Amino acid sequence: MSHDVHIIGGGLAGSEAAWQLAKRGFKVRLSEMRGGGDSTPAHNGTGLAELVCSNSFRSDDHEKNAVGLLHHEMRGLDSLVMSAAAKAEVPAGSALAVDRDVFSAEVEERLSALPNLTIVRERIDHLPEAGLTIVATGPLTAAALAESIGTATGADSLAFFDAIAPIVYRDSVNMDVCWMASRWDKGETKDYINCPMNHEQYLAFHAALLAGEKTEFREWEANTPYFEGCMPIEVMAARGEDTLRFGPMKPVGLDNPHDATPEFPKGRWPYAVVQLRQDNKLGTLWNMVGFQTKLKHAEQVRLFRTIPGLENAEFARLGGLHRNTFLNSPELLDRQLRLKSAPHIRFAGQITGCEGYVESSAVGLLAGLMTAAELGGREWISPPRTTALGALLSHITGDAEADSYQPMNVNFGLFPPPPEDVKKKQRKEAYTARAKADFVPWKASL
Ligand SMILES: Cc1cc2nc3c(=O)[nH]c(=O)nc-3n(C[C@H](O)[C@H](O)[C@H](O)COP(=O)(O)OP(=O)(O)OC[C@H]3O[C@@H](n4cnc5c(N)ncnc54)[C@H](O)[C@@H]3O)c2cc1C
């Protein structure tokens with residue numbers, strides 16, 4: 001065999017695992033089907049680590065936020081995803097957002113420069129019978145391999161759906177109506193384009209969302225649950241008249257300078273707001289934050305052009321619906337992400353049931369480190385549960401209830417609680433301070 005480990009899938013998790021292994025000197029074969037004539041329903045191009053929907057890695061606050069803490073730990077482990085994100089960063093308030101093309105190109109360039117990594121554009125249809133393997137084929141694993149995984153696990157992989165948000169060309173937005181600002185003027189820059197709605201406009205928009213023509217579910221899709229973090233806007237709207245105003249259309253902290261009064265010289269808050277966030281480095285593309293949808297394309301164009309400021313909006317991409325496949329990991333995988341019934345195979349990324357770009361990359365990073373330990377004949381010590389990496393890994397590999405297992409973002413609910421005498425207001429800082437203290441000796445043990 002010409003390689004030490006075969007990684008299947010060159011998305012976020014597979015790229016991160018390949019980086020961690022190849023830079024340690026192990027020979028890696030990375031098989032990615034895009035670029036070899038295949039694709040998935042959500043990917044647009046052939047680049048490694050393509051971001052299929054939002055361009056955000058979410059909060060970068062490592063003192064009060066669990067995903068920010070995960071960023072911090074990944075940076076501490078020389079994460080390729082985190083360093084490529086730094087290179088591709090675009091303004092997004094306290095969040096870490098990137099130009100997706102710059103990001104993917106950077107990942108690909110860094111991996112291509114590693115002499116002992118071979119990137120092969122090929123689709124793999126069967127789980128290899130021997131040889132250390134990492135399967136990181138993501139929520140849109142190609143059908144034949146998904147079937148092979150189903151056969152090997154003896155359990156049904158669950159398929160369900162989530163939606164992607166539209167992207168608007170910046171120069172088609174009417175800035176006489178919209179304005180740039182971050183909520184509560186946080187950060188030094190004004191990172192979002194805000195499209196204001198009054199009460200009447202909001203009610204009309206809400207009603208139109210409910211009435212709008214949706215992509216029909218096929219019979220086998222009918223009772224599949226959504227990915228909570230990516231719920232279609234019209235599904236959220238159906239939960240109640242004000243649900244959107246407390247969610248993606250929240251107006252609080254957004255003074256509209258086009259609506260200034262003597263009493264509110266900086267401007268009044270609108271009744272509701274649609275926010276656009278920069279999607280590429282050039283600043284030419286902006287995504288509609290939280291506006292993932294399964295409305296039909298023509299309906300999206302018609303309806304979204306009723307949003308004040310978007311009357312003449314041109315769309316670089318419209319929203320859509322997608323499949324998501326993941327394993328019942330707490331039952332099927334051991335604490336090192338290995339298939340209990342075939343321990344030469346590890347799983348990584350979203351297919352393990354973690355949720356989100358950062359989490360998928362983090363699980364890829366861990367799979368890379370675990371495989372490196374195995375190849376190097378070293379004992380693997382798991383990250384402490386008090387760290388973000390440890391909390392996420394423990395959840396996936398056994399702490400979660402197998403019966404009701406659903407994809408999960410990293411959050412403080414997965415961590416052991418801090419001592420009870422820590423005041424409520426200081427609990428987030430207590431989680432992160434403890435994680436940082438426990439991370440250091442664990443890292444030294446690697
Ligand atoms: C439509 C959609 C929207 C999403 N939106 C967001 C979002 O906005 N924010 C967020 O944080 N998370 C989002 N997610 C969730 C998730 O974080 C991403 O899907 C993430 O890319 C998962 O990383 P991954 O490495 O596990 O899989 P991927 O990044 O999908 O990588 C898997 C790779 O494997 C390849 N592949 C598949 N089958 C084979 C095969 N048989 N042989 C060879 N190669 C194969 C694919 O081409 C792909 O490149 C979304 C998921 C979907 C499906």
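Both backbone and side-chain heavy atoms feed into the values below; hydrogens, waters and symmetry mates do not. Whatever order the structure lists them in is the order used to number ligands and atoms, beginning at 1. Along the sequence shown, residues are numbered consecutively beginning with 1. No experiment lies behind these values; they were computed from the predicted model shown.
Ligand 1 has an N or O atom lying under 3.5 Å from an N or O atom of Glu32, backbone or side chain. Note: an N/O pair closer than 3.5 Å links Gly356 and ligand 1 by distance alone. At a 3.5 angstrom cut-off on N or O pairs, Thr40 does not count as close to ligand 1. In terms of N/O distances under 3.5 Å, ligand 1 is approached by Ile124.
The option with the heavy atom closest to atom 30 (O) of ligand 1, from among Glu16, His43, Glu122, Gln350, is His43. Selection from Ala348, Gly11, Ser54 by nearest heavy atom to atom 8 (O) of ligand 1 gives Ser54. Between the choices Arg121, His126, Met33, the shortest heavy-atom distance to atom 45 (C) of ligand 1 belongs to Met33.
By the criterion of a heavy-atom distance under 4.0 Å, neither the backbone nor the side chain of Val358 is placed next to ligand 1. At a heavy-atom distance under 4.0 Å, only side-chain atoms of Val52, from C-beta outward, approach ligand 1. At a 4.0 Å heavy-atom cut-off, ligand 1 does not touch Glu355 at all. Both the backbone and the side chain of Ala13 come within 4.0 Å of ligand 1, judged by heavy-atom distances. With a 4.0 Å cut-off on non-hydrogen atoms, Ala136 touches ligand 1 through its backbone and not its side chain.
Under the 4.5 Å side-chain criterion, counting only non-hydrogen atoms from C-beta, Asn409 is in contact with Arg58. Between Pro139 and Phe326 there is no side-chain heavy-atom pair separated by less than 4.5 Å. By the 4.5 Å heavy-atom criterion applied to side chains, Leu127 and Thr133 are not counted as neighbours. Phe439 is listed as a side-chain neighbour of Leu77, based on a closest heavy-atom distance under 4.5 Å.
The distance from ligand 1 to the heavy atoms of Cys53 drops below 4.0 Å at these ligand atoms: 3 (C), 4 (C), 5 (N), 6 (C), 8 (O). Atoms of ligand 1 found under 4.0 Å from any heavy atom of Gly349, numbered from 1 in the order shown, are 26 (O). The contact set between ligand 1 and Leu145, taken as ligand atoms under 4.0 Å from a residue heavy atom, comprises 41 (N).
Among all heavy-atom pairs drawn from Gly364 and Ala348, the shortest one is CA-CB, 3.9 Å.
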Is there a side chain to side chain contact (heavy atoms under 4.5 Å, CB included) between Leu21 and Asp4 once you walk through the steps?
CA-CA 9 Å; Leu21 281 156; Asp4 299 313; over 6 Å; no
